[in-house]
Amino acid sequence: MSRHLICLSFDFDALSGWIARGLTTPTPMSRGEFGAVGAKRILALLAKNNIRSTWFIPGVTIDTYPDICRSITDAGHEIGHHGWTHVPPANLTRSIEAEHLKRANEAIHKLSGHPAKGYRSPSWDLSAYTIRLLIENDFIYDSSMMGQDHHPYRARCDDIITEKGSVQFGKPTNLIEMPISWTLDDYPYFEFIRTDSVTLPGLSTARDVLKNWLDDFTYMCRTEDWGILTYTFHPFVIGRGHRMMILEELISSLTDQGAIFTTMADAAEEFIERAPLQTF
Ligand SMILES: [Zn+2]
């Protein structure tokens, strides 16, 4: 019998992503602040549909919005690790990355009663050290890479990119990779960003994006008996009115098509049951 899992994941960056880019004047800060508005709308929608989801929250956001973060855990959602600040690990030294990993995990432990099982790097850019650090800190899964679409896989350590440009793959580990994609992320579709060096046009028509998101589920159902599709949303992005409308429609259409909504930790555990951990 086929079984198709959906993980709705919400990166509750709030102001942290803007701060990490040095955009700390009042208007960018207020864009992040809208995340608090969006988070409340999303929590109400999830409660109405009886869906448990996964929220990746930077430590600084837990400090800034303790009450909203408390209501997320009280509603039974999973809290995943999303850095202490929103600076991607690729831009940190190993020692700062390790320190931030522990510091944010302490905040998550305090909030939810246990450390995070899952990690998602800010801006999806891991360092050469991240996978080992996650294993050392007893994480079950990472969700920052794009090497598959419907199937988790085991993250590798120590890939070598040779001088000629070919790649020698490193050893797989027991850390489960829960793959993501920019195509299943609200941010690049919708956010208009203009800085001195870059312009992201964003502002896509929400209903066109909904079609992309639903078609990926249809394709998974056509091609796989079992699979997981992970959507990534940001409360300050998806929380705007016309985008909340497509989130509502996404949930109802996926439900009608037999999707099973679950947290990423539970989906990762289900994958481990199907493909037990190994000694590498
Ligand atoms: Zn983020």
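It should be emphasised that the depicted structure is a prediction, and the values quoted were computed from it without experimental measurement. Atoms within a ligand are numbered from 1 in the order they appear, just like the ligands themselves.
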Does the side chain of D185 pick up a donor-acceptor pair with the side chain of Y231 at under 3.5 Å?
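Judged by distance alone, the side chains do not pair up.
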Restricting to N/O/S atoms, is D11 within less than 2.8 Å of the Zn ion (ligand 1) or not?
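So D11 does not bind the Zn ion (ligand 1) by this criterion.
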N, O or S of H82 under 2.8 Å from the Zn ion (ligand 1)
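H82 does place an N, O or S atom closer than 2.8 Å to the Zn ion (ligand 1).
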Could you tell me whether D159 and R156 have a side-chain N and a carboxylate O separated by less than 4.0 Å?
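A salt bridge is present here (some side-chain N lies under 4.0 Å from a carboxylate O).
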About how large, to 10 degrees, is the angle OD2 of D13, then the Zn ion (ligand 1), then NE2 of H86?
90°
E191 and R243: salt bridge (Lys or Arg N to Asp or Glu O under 4.0 Å), yes or no, with the steps?
CA-CA 12 Å; E191 279 308 291; R243 301 174 191 155; 3.6 Å; yes
Donor-acceptor pairs under 3.5 Å, side chain of residues 43-50 to any protein atom, not counting sequence neighbours: which ones?
residue, atom, partner, partner atom, Å
N49, ND2, L45, O, 2.9

